[in-house]
Structures are given as C-alpha cells and as structure tokens.
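Input: a single structure, listed below in structure tokens.
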Amino acid sequence: MEGNYYMIHDYLIFIGVFAIFFFLTTSIYLFSQHQKLKQQNFKLSETNKIIEQRLNEVRLEHIGTKLNPHLFKNILNSVQSHAYQTYMSLDKLANVLDYILYESNNKYVSPKEELNFALSLIDINKIKINPLFDFRIKSRINKSDSVYEEKVFAPLISVDLIENAFKHTDFLAQDSFISIYLELENSIFTMKVSNKASLKNILEKEKSGFGSQSLDQRLKMIYSTFYQLEKSSKNGIFTAELKINLGEFYDKMRYSG
C-alpha cells in the first residue's frame with residue numbers, strides 16, 4: 001500500500017509539473033503570437049498612414065493645378081483693366097508670380113511669406129476699384145512671433161477669401177464695402193473678410209464653388225483640428241473668418257517628425 005501511495009504521489013507531481021510546463025509554454029507561445037500581431041498591426045497602421053499622407057499630397061497637387069491657372073487669369077484681368085497703373089501693377093504682379101511659381105510648390109512657407117503675398121494680391125485687386133469705394137484693410141502682425149518665419153503655412157491659403165470678396169461684392173450699392181483684417185498674434189493666424197454681397201445668394205454659391213471646396217479640403221487635410229473656418233451671410237453682408245493655430249500645429253510637426 002505504501003508503494004502504491006508513493007507511485008500515486010509521484011504521478012500527481014508529474015501531472016502537476018507537466019501542467020505547469022504546458023501552461024507556461026502555451027502562455028509564452030500566445031504572448032509571442034500576440035506580440036507578432038501587435039507588430040503587424042503597427043506596421044499596417046504605419047503603412048496606412050503613409051498611403052493616406054501620399055493620397056492627401058496627390059489631392060493637394062490636383063487642387064493646386066486647378067487653382068493656379070484660375071488665379072493667373074484673375075490677376076491678369078485686373079492688371080489689364082487699368083493700364084494707367086501698369087507700372088505699379090507689374091511690380092506687385094512680379095511678387096505674386098514669383099510666389100506662385102517658386103514658393104507655392106513647397107509644402108509649407110512662413111507666415112511672413114504668405115502675408116506679403118496676400119498684401120500684394122490685395123493691391124492688385126484694388127486696381128479695379130473706384131478710389132472712392134469703401135475699402136478697408138487692417139493688419140496686426142507680430143513680427144517677433146515665434147512662428148513668423150517658420151515653415152508652417154500652407155501656401156495660397158489666403159487666396160480664396162480675398163478673391164471671393166472682390167468677385168462677389170456689389171460695387172453698385174451705395175453702402176457697399178470690402179473689409180479685410182489680417183492678424184498674427186500668440187502664434188494664431190486670423191483672417192477676416194467681409195463684403196457687401198450681390199443680390200444673389202452668395203453663401204450658397206460659395207458652398208458649391210470650386211474655390212471654397214478646395215479651401216475647405218486643404219484646411220482639413222493639412223491643419224485637421226488646428227483651424228476654424230466660419231462663414232455667414234446676414235443683411236446682405238457676407239463674412240468669412242479663418243483662424244489657424246500655427247503654434248500648436250508647429251509643435252505637432254516637430255514632435256511627430
């Protein structure tokens with residue numbers, strides 16, 4: 001009886017050791033498989049990010065190819081309409097064309113470069129306006145801002161709001177006006193454009209127009225949650241206000257890079 005007892009005892013010990021060994025082996029195997037799956041999921045996630053980024057770049061390139069010829073046409077029409085101011089116009093036009101040809105192909109430019117371009121574009125468009133027209137422009141640019149000369153600004157972002165103001169203003173109305181406000185403060189860029197709209201429903205037209213769609217697409221793809229674009233139409237006055245938190249966007253670029 002005592003021999004059988006030791007045999008059963010040894011057998012139980014063997015079963016226990018085997019069970020522990022089996023459990024450890026299975027756990028190690030499952031853990032290794034989990035780690036492999038985790039690595040595969042990470043690689044797939046990174047691949048998807050690269051594909052999505054490339055897709056966004058292709059979309060942005062496609063938008064740019066449509067935007068630039070349209071911009072050229074509007075600029076040349078403005079210059080042509082007032083030949084007596086040709087010299088000043090060509091000087092501004094040279095700055096604008098240099099920017100479009102050389103800087104707009106870059107992924108990012110500095111706020112300094114984009115703001116200089118925006119002001120030149122405004123000056124060109126002002127040529128076709130009656131000197132007595134109520135045109136207001138105000139800028140509050142902090143040139144000592146930390147992002148003022150950093151490559152954080154998507155080129156030509158300011159075009160759409162400027163062009164639409166001049167294109168859709170009712171210049172015949174007595175109370176007609178265009179107001180443009182540019183600001184860079186605390187690394188936040190603000191652009192607010194208001195104008196007396198024509199009798200057509202400009203807000204609906206803006207939503208369906210290519211320029212407005214391309215601006216919305218670019219902002220969403222580039223700045224994601226770091227921007228706000230608000231449009232409103234009230235009492236015949238159309239207002240668009242764009243805010244971009246360039247500081248937070250710059251931090252994201254540095255830390256993710």
**OP:** Test side chain to side chain donor-acceptor pair (under 3.5 Å) on T239 and S194 and set out the steps.
**Re:** CA-CA 4 Å; T239 301; S194 300; 3.1 Å; yes
**OP:** Could you walk me through whether K243 and T190 pass side chain to side chain donor-acceptor pair (under 3.5 Å), step by step?
**Re:** CA-CA 5 Å; K243 286 182 180 287; T190 301; 3.3 Å; yes
Original post:
Given N125 and E163, is the side chain to side chain contact (heavy atoms under 4.5 Å, CB included) satisfied, shown in steps?
Top reply: CA-CA 8 Å; N125 277 281; E163 291 258 293; 3.9 Å; yes
**OP:** Could you walk me through whether I141 and Y148 pass the side chain to side chain contact (heavy atoms under 4.5 Å, CB included) test, one step at a time?
**Re:** CA-CA 9 Å; I141 309 301; Y148 182 62; 3.7 Å; yes
Subject >> Stepwise side chain to side chain contact (heavy atoms under 4.5 Å, CB included) check, Y181 with E241 >> reply: CA-CA 9 Å; Y181 177 71; E241 183 172 7; over 6 Å; no
Original post:
When you look at L242 and I157, which way does the side chain to side chain contact (heavy atoms under 4.5 Å, CB included) test go after all the steps?
Top reply: CA-CA 10 Å; L242 171 64; I157 282 291; 3.7 Å; yes
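Clustering ILVMFWY residues whenever any of their side-chain heavy atoms sit less than 4.5 angstrom apart, transitively, puts I188 in a cluster other than the one holding Y227.
Taking NZ from K107 and CE from M253, the interatomic distance works out to 7.5 Å, rounded to the nearest 0.5 Å. Here CZ of F153 is found 14.5 Å from CG of N106. Values are rounded to the nearest 0.5 Å. Atom CD1 of I244 sits about 12.5 Å away from atom OG of S187, to the nearest 0.5 Å. N164 CG to I178 CD1: the interatomic distance, rounded to the nearest 0.5 Å, is 11.0 Å. Here OG of S139 is found 6.0 Å from CG of L119. Values are rounded to the nearest 0.5 Å. Here the NZ-CD1 distance, from K126 to I124, works out to 12.0 Å after rounding to the nearest 0.5 Å.
A side-chain donor-acceptor contact under 3.5 Å links E114 to the backbone of S158. Side-chain N or O atoms of N235 include none that pairs as donor or acceptor with a backbone N or O of I237 at under 3.5 Å.
Summarising the local packing, CD of E185 is surrounded by more than 12 heavy atoms from other residues, nucleotides or ligands at distances under 6.0 Å.
In this structure the side chain of F177 reaches within 4.5 angstrom of the side chain of R136, judged on heavy atoms. The shortest distance between side-chain heavy atoms of I180 and L161 does not fall below 4.5 Å. Residues L246 and L184 form a side-chain contact, since some pair of their non-hydrogen atoms from C-beta on lies under 4.5 Å apart. By the 4.5 Å heavy-atom criterion applied to side chains, I162 and M191 are counted as neighbours. Using a 4.5 Å heavy-atom cutoff, the side chains of F117 and V159 are in contact. A 4.5 Å side-chain heavy-atom check between F189 and L115 finds at least one atom pair inside the cut-off. Counting heavy atoms from C-beta outward, L156 and R218 have side chains that approach closer than 4.5 Å.
With F166 as the partner, the ring pair (Phe, Tyr, Trp, His ring centres under 6.0 Å) test is satisfied by one option alone out of F135, F171, F133: F135. No option in D145, N142, L182, V152 other than V152 meets the side chain to side chain contact (heavy atoms under 4.5 Å, CB included) test with P111.
A salt bridge links E113 and K151; the closest N-O separation between the charged side-chain nitrogens and carboxylate oxygens is under 4.0 Å.
Ring centroid separation for the pair Y108 and F249 comes in under the 6.0 Å cut-off.
For the pair A165 and V193, the tightest heavy-atom approach, listed with the atom from each and the gap, is CB-CG1, 3.4 Å. Between I222 and A154, the closest heavy-atom pair is CD1-CB, 3.6 Å.
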